[in-house]
Amino acid sequence: MAKRPARGGNAGFSQPARALGYNRTSHFRQRVVKETLALDENIYQLRLEKLKQIEALGQPAYPTKFDFTHTLPQIWAEYDKPAEAMENPRVEVRVAGRIMAIRLMGKAGFAHLQQNGKQLQIYVKKDAVGEKGFELYKLLDLGDHVGVKGYLFRTRTGELSVHVEELTFLSKDLLPLPEKWHGLTDVELRYRQRYVDLFMNPEVREVFIQRSKLVQSLRRSLDARGFIEVETPMMQPIAGGAVARPFVTHHNTLDMDLFLRIAPELYLKRLVVGGLDRVYEINRNFRNEGISTRHNPEFTMLEFYQAYTDYRGVMDLTQQLIAQAAQDVTGGTVTKWGDSEIDWAEANWRRMTMREAIIHYWPETSGTKPALSDFASHDSVKSLVQRFNAGHAHVAYDPKEPAGKTIANLFEAAAESHLQQPTIIYEYPTAVSPLSKQKADEPDWTERWEIYAGQMEISNGFSELNDPVDQRRRFEGQLAERERGDDEAHQMDEDYIRALSYSMPPAGGVGIGIDRLCMLFTDSHTIRDVILFPLMRPEKTQEEPTEEK
RNA sequence: GGGCGCGUAGCUCAAUUGGCAGAGCAACUGACUCUUAAUCAGUAGGUUGAAGGUUCGAUUCCUUCCGCGCUCACCA
């Protein structure tokens, strides 16, 4: 492919920006912060003033540490018991957190501290904390961080609380918190200011904890089976291993264009050639394509390769990994998905070939179900599409494209929306599987499968093509597709063919979309709810009004 | 990229088929030593996303632009 000029945000920094010695992002951020402050200037200035008064009381504005005896979740785990259990002797604790609610009543007051997703009430009485301590309490705002020393007790209404004897200021919130009852609901603000979203919305925090558990579970399962974790290039001279449009970037010293990887696949298989029989990588892929509720330009993928097995071997393994992950993340096998449920127990998984799925889900409005022989020739596939389109939604059909590609489109149109429970679809057309090994008895079909759940594709695996001659032929076929106008078709990768030429053992390989699996496990119906900082357009600034076309 | 919808105070939302831009929370001042959406009294806070147009008069109607959401297409 010809060198592409570096464009816009995908490219390196512009000359002037580099000359000035800062990168675009931080420069931009400074401007945004400045504007936010302009809007909230009154509150910001007032709180800076309060911070000075706090310093005047002898408390550092930004102290370096606070020694605590318990986290707030630990307090709840250990002391959520009757009041008598905390008297004689009293339980002295030191805890810290962010103030999420505060109530002042003359010479005493209450506040709720939040830490690690849990809240605990504190009771601050002038008699107990002294003149200076109470002056400090009166200078506190919602959002501040404080530490307290005191003893546990239950209030008249029975709420576990800390009777504060010493109040330590830790950090000031200079910006107003979202409304305390409705919280932060504006989705744009939630994504742009995820830090606020995280401490205002406990369920958001929970999703990302579950995401962490998911990744942990997959690592643990693979490690236990002797896989080793590796890291392969994210910047690649040839973006291979998948069918997608890449991002382009540029290395200045070498003066070369590089692609952000669309998949780690070809590098991981080089490692299998190198004798790393079981490898995996969990990392980001980048695809320069549309953004939707199921697509983010960067997304996380687990890929693993196992030598001396085939697509059946990794099919079984993947099923086990996912069923185990569901258990580790949610504590059970059944997860909520909108108005229904998905059961990840292995007994509930179904398997069918792509051709069986098309036949099985063939819409009644499109007449008689196809027979297996209908998938055999270009002409019979063409008439299948015509029958399908006559009674159903439209499948785009290009008579010049390979029949296998048409069959894959037909499958998506006919079956995908039905695949709610975990289902393995296997045997994919060779035309859409340039890296998979063909079936021994049917060269038009490959030993490849994908897993569907919740109407989404979440995993893809196959017997790895390790015949370098065949691989070269497949790449050449892809180049022909590229000539035909498909700029997503796979590029030639000579070094990869050279690697295969050194002999790669038979192997099965798998990719699992972590974001989508996380969506399914957490009942999140947009990928942005499982990505901490989803890609957004930059915020508009007044200094740099958006140019009009 | 196409279609539909939304954008009003820091946050959550009103504003009568075009007629003085409002409330709650947050903030500020004061009262209150077991409150918990604390309460009570008062104060302040806005270029209604931006620009243009129609009109005596626009948050409201029209056009363009910006941002976001949903959806379709492409993709995982």
Side-chain angles (χ1 to χ4, degrees), chain A residues 36-47 49-50 100-112 119 121-129 134 137 141-143 153-159 161 163 173-193 196 200 242-245 262-263 285-301 303 393-394 396 409 412 416 450-452 456-460 486-488 511-517 519 525-528 534 536-542 545-549:
Chain A
T36 309
L37 300 193
L39 293 170
D40 304 326
E41 194 158 20
N42 290 340
I43 287 171
Y44 198 89
Q45 290 303 330
L46 263 162
R47 293 197 176 180
E49 193 51 44
K50 283 183 178 178
M100 295 303 288
I102 189 163
R103 299 173 288 281
L104 172 67
M105 293 158 300
K107 298 185 179 62
F110 290 89
H112 275 95
Q119 292 197 359
Q121 181 169 263
I122 62 171
Y123 177 54
V124 181
K125 192 163 68 164
K126 191 173 182 179
D127 296 347
V129 297
F134 204 69
Y137 176 77
D141 287 299
L142 283 178
F153 76 114
R154 281 194 183 274
T155 62
R156 210 166 277 165
T157 54
E159 179 167 348
S161 308
H163 198 288
D173 177 5
L174 301 170
L175 293 169
L177 250 42
E179 206 252 7
K180 70 178 171 191
W181 191 240
H182 299 92
L184 186 70
T185 58
D186 182 295
V187 287
E188 180 181 353
L189 279 180
R190 285 189 40 231
Y191 298 143
R192 288 195 190 279
Q193 298 182 233
V196 178
M200 289 303 297
V243 174
R245 274 204 299 276
I262 55 175
N285 290 345
F286 307 86
R287 297 188 185 175
N288 203 343
E289 287 165 353
I291 295 176
S292 78
T293 48
R294 295 173 178 199
H295 302 85
N296 195 61
E298 54 177 316
F299 63 101
T300 302
M301 187 94 142
E303 283 202 11
H394 189 69
N409 289 336
E412 279 175 25
E416 192 170 14
E450 291 191 354
I451 297 172
Y452 284 83
M456 282 192 293
E457 180 195 337
I458 53 172
S459 181
N460 175 24
D486 183 353
D487 60 352
E488 293 183 357
I512 299 179
I514 300 298
D515 312 273
R516 288 193 175 172
L517 194 52
M519 287 169 69
H525 292 258
T526 165
I527 199 167
R528 291 183 152 193
M536 307 280 282
R537 282 198 171 80
E539 288 174 85
K540 219 183 349 181
T541 68
Q542 291 191 334
T546 323
E547 39 184 284
E548 294 179 18
K549 286 183 181 173

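Order of the sequence lines sets the chain letters (A, B, ...), proteins ahead of strands, with each chain counted from 1.
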Only counting residues at least two apart or in another chain, list the ones meeting salt bridge (Lys or Arg N to Asp or Glu O under 4.0 Å) with [X].
X      : value
A/R294 : none
A/K125 : none
A/E457 : none

Rounding to a whole Å, what distance do you find between [X]:[atom1] and [N]:[atom2]?
X      : N      : atom1 : atom2 : result
A/F153 : B/rC34 : CZ    : C1'   : 7 Å
A/R103 : B/rA31 : CZ    : C1'   : 18 Å
A/K125 : B/rC32 : NZ    : P     : 17 Å

[X] side-chain proximity, nearest of [options]:
X      : options                : result
A/T526 : B/rC70, B/rC68, B/rC11 : B/rC70
A/I527 : B/rC70, B/rA76, B/rC34 : B/rA76
A/D127 : B/rU33, B/rU35, B/rC11 : B/rU33
A/A108 : B/rC11, B/rU33, B/rU35 : B/rU33
A/L104 : B/rC32, B/rC68, B/rU33 : B/rC32

Which residues share a side chain to side chain contact (heavy atoms under 4.5 Å, CB included) with [X], sequence neighbours left out:
X      : result
A/P534 : A/Y191, A/R194, A/N296, A/R528, A/I531
A/T155 : A/F110, A/Q121, A/F153, A/T157, A/E159, A/S161
A/E179 : A/W181, A/H182
A/E412 : A/E416

Side chain A/E159 and base B/rU35 donor-acceptor under 3.5 Å
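Donor-acceptor pair under 3.5 Å: no.
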
Does A/T155 get its side chain close enough to the base of B/rU35, under 3.5 Å, for a donor-acceptor pair?
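Indeed there is one.
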
Runs of at least three consecutive Watson-Crick or G-U pairs, both distances under 3.5 Å, are what I'm after; which ones involve RNA chain B?
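The stems are B:1-7 with B:66-72, B:10-13 with B:22-25, B:27-31 with B:39-43, B:49-53 with B:61-65.
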
Restricting to nitrogen or oxygen on both sides, can you table the protein-nucleotides 23-29 of chain B pairs closer than 3.5 Å?
from	atom 1	to	atom 2	distance (Å)
B/rG24	N2	A/E179	OE2	3.4
B/rA26	OP1	A/K180	NZ	2.9
B/rC28	OP1	A/K50	NZ	2.4

By nearest nucleotide on RNA chain B, pick out whichever of A/A101 and A/R516 is the more 5' one.
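Looking at RNA chain B, the more 5' nearest nucleotide goes with A/A101.
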
5'-most contact on RNA chain B: A/K107 or A/D186, nearest heavy atom basis?
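On the 5' side of the pair lies A/D186.
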
May I ask you to say what [X] touches in the nucleic acid, namely base, sugar-phosphate or nothing, with a heavy-atom cut-off under 4.0 Å?
X      : value
A/T185 : sugar-phosphate
A/K126 : nothing
A/T293 : sugar-phosphate

Between B/rU59 and B/rA15, how far apart are the two C1' atoms, rounded to whole Å?
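These two C1' atoms come out 8 Å apart once rounded.
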
Please list, chain by chain and in numerical order, all residues satisfying ring-ring contact (aromatic ring centres under 6.0 Å, His included) with A/H112, sequence neighbours excluded.
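In terms of ring-ring contact (aromatic ring centres under 6.0 Å, His included), with neighbours along the sequence ignored, A/H112 is linked to no residue.
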
Look at [X] and [N] and indicate whether a side-chain polar atom (N or O) is within less than 4.0 Å of OP1 or OP2.
X      : N      : value
A/R287 : B/rC74 : no
A/R294 : B/rA76 : no
A/R245 : B/rC74 : no

Output yes when a side-chain donor or acceptor of A/N285 lies under 3.5 Å from a complementary backbone atom of A/F299, and no otherwise.
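Absent.
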
Intermediate values then yes/no, side chain to side chain contact (heavy atoms under 4.5 Å, CB included), A/D173 and A/L142
CA-CA 7 Å; A/D173 177 5; A/L142 283 178; 5.8 Å; no

By side chain to side chain donor-acceptor pair (under 3.5 Å), which residues pair with A/R287, not counting sequence neighbours?
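Side chain to side chain donor-acceptor pair (under 3.5 Å) list for A/R287, sorted by chain: empty.
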
N/O to N/O distances under 3.5 Å, protein versus nucleotides 40-45 of chain B:
none

